[in-house]
Each structure stands twice: as C-alpha cells, then as structure tokens.
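Read the structure below first, then the notes.
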Amino acid sequence: MRQEQFLARYQGEWQAFEHWLETRGGNARAARRERNGGALSDEDVPARYRRLCQQLALARSRGYSPAVTDRLQQLMQRGHNLLYRTPAPRWRRAAEFLLADFPQLVRSESRCMWAATALFAVPLLAIFVLLQYFPELVHGVMAPEHIAQAERSFDPAASHSKLGRESGSDWQMFGHYIMNNTSIGLRTFASGLLACVGTVYVLIFNGVGIGATLGHLQQIGSGDPMWRFIAGHAPFELTAIVLTGGAGLRLGFNLIAPGRRRRIDALVYAGSKGARICLGAAVMFFIAAFIEAFWSSTQSIPAAIKYSVSGVLWTLVLAWLWRGGRGGVDAP
C-alpha cells in the first residue's frame, strides 16, 4: 500500500483519536463526562489505541516519511500517557465530584429541578399564607399530637427555647437528623418509579407539612424561636429535598417517555444519573444534620447572627449549584 493510500485510509481514525486525546487530556472531568460527539466512544479507545500501534509499526516497516511516523508516534505516546496514567487520589475525585460534577448534573436536569421546586415551594408558601388568615385550617392538615409537639418545641417561654438542648443530646439528634433527612431524600427519589406520581406526592406532602408547621407557629407567636432554629440548616436541607425530587421526576419521565431508548435503558440511564445526584444530596443532608444538631439548637446565639449566617449559606449553596464546574462542559 502506497503512503498516499495509507493516509487516505486511516486519516479519519487518527483525527478522531486526536480529538479524543484533546478532549480528555486537557480536562480530567471531561474524560468521564464528554461523549465526544459520537466520533469515538470511551469504550472503543483501547482497541483504537492498539490499532494505532499496529499502523505505526506498519508505517515504519514500509519506510513511510518521517512526517507520518512522527505523527503516529506522538499519538501513540499521548494515548499511552493518558490511558495508563495514575488515577487521581480518592479525596481529589470526591472533591471534584462535589465541587464540579454534582452541580453540572443538577444543571443538566434544570427543567426537572425547577418543576420539583414549584411542587415543593408553592404548597409550602400557600399553606403558610393561608394559616395567617385562617388559623383553624391547621387542624385539617396536621394531627393534634403533631401540633402539640411543635408548640412545645418552640414555646418562647420554655427554658429550652432560651438555652437550647444539653450538649450530650446533640450527638443523638445528629444521628436522628441524618437518618430522617436521608430517608426523606431516598423516598422522594425512588417514588419517581411510580410514573412521577410518587415523587409529586412526596414533594407536595412535605411542602404542605413544613408550610403548615411554620405557618401555625408564626400565627400563634412562636415565630422567633422557630425561625432562628431553621435558619441555619434550611439552605442545605430544603435544597437537597428539591434535588432528590428533580432526580425522581427524571426517573418517572424516562419511564413514561423513554424516547429513542428502550424503556429499560432509559430507566438505567436516569437511575444512574439520579443516584449520583442523590449522593451529592446525601452530603447536603449530612451538613444540614450537623448544623441542625450543633448550631440551630443553640438559641442563645443572637437572631441577627443566625440570620446573617443563613444568608451566607443560601448564597453559597445557590452559587455552588449555579456556577460549580462552569470551566468544563455541563454533564449530558
């Protein structure tokens, strides 16, 4: 085979491999996310690399020009360096996921996330406002024992509203909050398998429940200890509930309308993506539980400080989800 025929036959393969190297070599996150426009998938790269080595050996044995052999040599070396490089430490991969990959996953499902936000926030705000004008409605939303418990917990005249819990019980409550918050997130996500109906119900149910508790306590004059308590952990906890809800909606949508994929393939894709979103949300639930146990319960901290910290945390959470990983291409 002449050199011109050799070039004409394999030029496209080399260009596709070179594009894959440029995409992967410059950005570690892209190596796991980018699908390379379908030109060369990650699964095909090992076989393509071995084929490139064979082509280099063939070019040398036939005495092709240095321009051809040098190019193949460079492609082979770059491919070797990228394919056999030492994996990043686990802590670095975890940090990279939380700081960049997770926000990109959330933004890639922006429509589901906005829908989940509406399903959660609208009922919450609606019931809160209604209870300020029609306080008797709380009895149609909350059980009497739950109303009594909320009133006791945030009674401004009670000693715990001024001093907070004893330090020994903070660790117990920390574990309780982790289990409770995580279970809510998992239910919100997994119930999406019920054709979205389950996730919609869980989001509305939680929105109404939280809104009723807040609205009732505000209406009876227990708003100060209540707002100071929830201000710190709300940015992480409420946002994580919405994110797991968005992942659950995507799961349900892929079940209802799989598109060009087989239904099982669409579910696997949504489930894998949703599991990663839930992993990030679990970290948010963990942070929320820590704040709720050790910061929120300390009522001796002035309200101005608690609200200021809450404002900073809301800003950080929203900025993280909006800007995190913007240096690369958003996850598909």
Side-chain angles (χ1 to χ4, degrees), residues 91 94-95 97-99 101-103 105-106 113 116-117 120-121 124 146 149-150 152-154 160-161 163-191 199 202-203 205-214 217 222 225-248 274-301 303 305-321 324:
W91 67 265
F97 170 76
L98 290 175
L99 295 177
D101 294 348
F102 176 65
L105 282 170
V106 171
M113 296 303 169
T117 301
F120 178 73
L124 189 156
H146 293 162
Q149 181 182 358
R152 287 194 304 270
S153 298
F154 296 99
H160 60 76
S161 294
L163 301 176
R165 292 189 299 265
E166 296 180 358
S167 60
S169 64
D170 286 345
W171 287 103
Q172 296 177 0
M173 295 307 298
F174 177 47
H176 169 74
Y177 292 143
I178 290 176
M179 295 297 296
N180 181 68
N181 295 346
T182 304
S183 65
I184 292 175
L186 290 177
R187 286 198 302 271
T188 306
F189 169 62
S191 57
T199 295
V202 173
L203 286 170
F205 177 83
N206 280 283
V208 169
I210 294 173
T213 302
L214 300 181
L217 292 173
S222 297
M226 173 197 67
W227 292 118
R228 283 194 288 152
F229 177 79
I230 70 171
H233 59 271
F236 291 96
E237 183 175 327
L238 300 186
T239 304
I241 291 174
V242 168
L243 297 185
T244 55
R276 287 182 288 162
I277 292 176
C278 287
L279 178 61
V283 175
M284 298 180 70
F285 281 131
F286 181 89
I287 296 173
F290 184 87
I291 295 173
E292 188 171 2
F294 298 102
W295 169 266
S296 299
S297 62
T298 308
Q299 293 289 349
S300 58
I301 300 174
I305 294 179
K306 286 210 167 188
Y307 297 148
S308 298
V309 171
S310 179
V312 171
L313 292 178
W314 273 114
T315 301
L316 290 176
V317 168
L318 296 178
W320 166 49
L321 296 177

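Residues: numbered from 1 along the sequence shown.
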From CA spacing to verdict: side-chain contact (heavy atoms from CB on, under 4.5 Å), Val317, Met284: CA-CA 10 Å; Val317 168; Met284 298 180 70; 4.2 Å; yes

Do Thr182 side-chain atoms and Met179 backbone N/O form a donor-acceptor pair below 3.5 Å? no

Not counting sequence neighbours, which residues clear side chain to side chain contact (heavy atoms under 4.5 Å, CB included) with Ile230? List them please. Leu214, Trp227, His233

For the pair Asn181 (side chain) and Tyr177 (backbone), establish whether a donor and an acceptor sit closer than 3.5 Å, ignoring hydrogens and angles. yes

Rounding to 0.5 Å, atoms CE (Met173) and CZ (Phe294) come to a distance of 11.0 Å

Give a yes or no answer on whether the side chain of Lys306 reaches the backbone of Ser296 with a donor-acceptor pair at less than 3.5 Å. yes

Is the Phe102 ring parallel, tilted or perpendicular to the Trp320 ring (thresholds 30°, 60°)? tilted

Would Leu105 and Phe97 satisfy side-chain contact (heavy atoms from CB on, under 4.5 Å), going step by step from the backbone distance to the final call? CA-CA 10 Å; Leu105 282 170; Phe97 170 76; 4.1 Å; yes

First locate atom CZ of Phe154, then atom CG of Leu217, and finally report the distance between them rounded to the nearest 0.5 Å. 6.5 Å

Supply the atom-to-atom distance Thr213 OG1 to Met226 CE, rounded to the nearest 0.5 angstrom. 9.5 Å

Is the OH atom of Tyr307 crowded by more than 12 outside heavy atoms at less than 6.0 Å? yes

Ser310 side chain vs Gly232 backbone, donor-acceptor pair below 3.5 Å: no

Tell me, do Ile178 and Phe286 make a side-chain contact under 4.5 Å, heavy atoms counted? yes

Side-chain donor-acceptor pairs under 3.5 Å in residues 239-247, sequence neighbours left out?
unit_1: Thr239; atom_1: OG1; unit_2: Pro235; atom_2: O; d: 2.5
unit_1: Thr244; atom_1: OG1; unit_2: Ala240; atom_2: O; d: 3.2
unit_1: Thr244; atom_1: OG1; unit_2: Ile241; atom_2: O; d: 2.9

Using 0.5 Å steps for rounding, measure from the CG atom of Leu238 to the CH2 atom of Trp314. 5.0 Å

Is there side-chain contact between Phe189 and Ile277, with at least one heavy-atom pair below 4.5 Å? no

